[in-house]
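What you see is a predicted model, and the numbers here were worked out from it, not measured in a lab.
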Amino acid sequence: MEPWRPSPRNPMDRIDPKTFRFQFPNLRYASGRKLCYLCFQVERDYFYYNDSDWGVFRNKVHPWAPCHAEQCFLSWFRDQYPYRDEDYNVTWFLSWSPCPTCAEEVVEFLEEYRNLTLSIFTSRLYYFWHPNYQEGLCKLWDAGVQLDIMSCDEFEYCWDNFVYHKGMRFQRRNLLKDYDFLAAKLQEILR
């Protein structure tokens with residue numbers, strides 16, 4: 001029997017403002033936030049844009065077969081963009097940094113798609129004190145992934161492009177609470 005694989009699904013267009021404000025703040029420890037959101041943008045080497053080039057994935061929580069947001073994206077991308085000879089620039093805005101398993105899967109994915117560059121802006125570092133989580137981030141970095149903590153600019157970009165804000169203005173209040181700590185910790189991990 002073939003092992004279970006995440007089935008691609010269509011990404012959400014946008015997320016609710018309350019969800020964004022709860023799930024995305026820079027926090028050292030974020031209790032009660034068990035979901036991971038991945039806002040993405042795919043750009044090709046030419047000026048082509050359609051609705052399938054951006055969206056939001058959220059992890060699927062099934063006791064028998066969890067599917068992290070990164071896995072949902074990778075599965076979806078393989079179906080959407082089967083051509084490995086095109087150039088792609090992919091940007092992720094994550095509420096949590098990738099776990100070691102997802103980091104390994106992303107590295108393998110980048111080996112398949114050698115003409116793809118990936119930038120990851122994460123709001124929080126997932127279990128940053130565990131060596132295997134640190135090693136996963138280092139593997140991504142070594143594979144050429146740009147890694148950074150979301151700053152005010154990235155939060156505002158996400159608000160404008162991935163949140164059903166209904167005309168509400170972006171407010172940075174409480175989003176950058178532990179930014180300095182997380183940015184310094186990420187740099188320490190990647191050294």
Could you give me the CA-CA distance, side-chain angles and deciding distance for L116 and V90, then say whether side-chain contact (heavy atoms from CB on, under 4.5 Å) is met?
CA-CA 7 Å; L116 185 144; V90 177; 3.7 Å; yes
Quick one, [X] and [Y] - any side-chain contact, counting heavy atoms below 4.5 Å?
X	Y	answer
Q171	F155	no
V163	M168	no
I149	Y179	yes
H68	C99	yes
S97	L137	yes
R44	E86	yes
W159	R21	yes

Using the side-chain contact (heavy atoms from CB on, under 4.5 Å) criterion, which residues pair with [X]? Sequence neighbours excluded.
X	answer
N132	P100, H130
A143	V107, L110
E154	F93, F121, M150, S151
W141	L147, L190

Could you walk me through whether F40 and F162 pass the side-chain contact (heavy atoms from CB on, under 4.5 Å) check?
CA-CA 9 Å; F40 70 88; F162 302 108; 5.9 Å; no
Does K139 have any salt bridge (charged side-chain N to carboxylate O under 4.0 Å, His left out) partners at least two apart in sequence or in another chain, and if so, which?
E104, E135
Given 3.5 Å as the limit, does a donor-acceptor pair link the side chain of R33 with the main chain of F22, or not?
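Here the side-chain-to-backbone pair exists.
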Pairwise salt bridge (Lys or Arg N to Asp or Glu O under 4.0 Å) hits with a residue in residues 111-130, at least two apart:
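Only R78-E112, R84-E112 qualify under salt bridge (Lys or Arg N to Asp or Glu O under 4.0 Å).
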Residues pairing under salt bridge (Lys or Arg N to Asp or Glu O under 4.0 Å) where one sits in residues 176-191, two or more places apart or in two chains, turn out to be K185-E188
Do you know which two heavy atoms are closest between [X] and [Y], and how far apart they sit?
X	Y	result
R28	L182	CA-CD2, 4.4 Å
I189	L125	CD1-CD1, 4.5 Å
S123	P25	OG-O, 3.0 Å
F20	L175	CE2-CD1, 4.3 Å
C72	C67	SG-SG, 3.3 Å
F57	P11	CZ-CB, 3.7 Å

Once you round to the nearest 0.5 Å, how far does [atom1] of [X] lie from [atom2] of [Y]?
X	Y	atom1	atom2	result
S119	W92	OG	CH2	11.0 Å
F73	C102	CZ	SG	13.0 Å
Y157	F170	OH	CZ	14.0 Å
N26	C152	CG	SG	10.0 Å
L74	D79	CG	CG	11.5 Å
T91	N89	OG1	CG	7.0 Å

Under 6.0 Å between ring centres: does that hold for F181 and F128?
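Ring centres of F128 and F181 closer than 6.0 Å.
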So, do Y133 and Y126 have ring centers that fall under 6.0 Å from each other?
yes
Could you walk me through whether Y88 and E43 pass the side-chain contact (heavy atoms from CB on, under 4.5 Å) test, one step at a time?
CA-CA 6 Å; Y88 303 100; E43 297 172 315; over 6 Å; no
Any residue meeting side chain to side chain donor-acceptor pair (under 3.5 Å) with [X], in chain and number order, not counting sequence neighbours:
X	result
E156	none
R172	none
Q187	none
R169	none

Group every Ile, Leu, Val, Met, Phe, Trp and Tyr by side-chain heavy-atom contacts under 4.5 Å, then state whether L27 and F24 land in the same group.
no
Criterion side-chain contact (heavy atoms from CB on, under 4.5 Å) on L38 and V56, from CA distance to verdict
CA-CA 6 Å; L38 183 155; V56 180; over 6 Å; no
Donor-acceptor side-chain pairing of Y81 and D53 below 3.5 angstrom
yes
Quick one: sort the Y127 and W129 rings into parallel, tilted or perpendicular, breaks at 30° and 60°.
perpendicular
Contacts of type ring-ring contact (aromatic ring centres under 6.0 Å, His included), residue Y37, not counting sequence neighbours
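Testing Y37 for ring-ring contact (aromatic ring centres under 6.0 Å, His included), a comparison that skips the adjacent residues, returns none.
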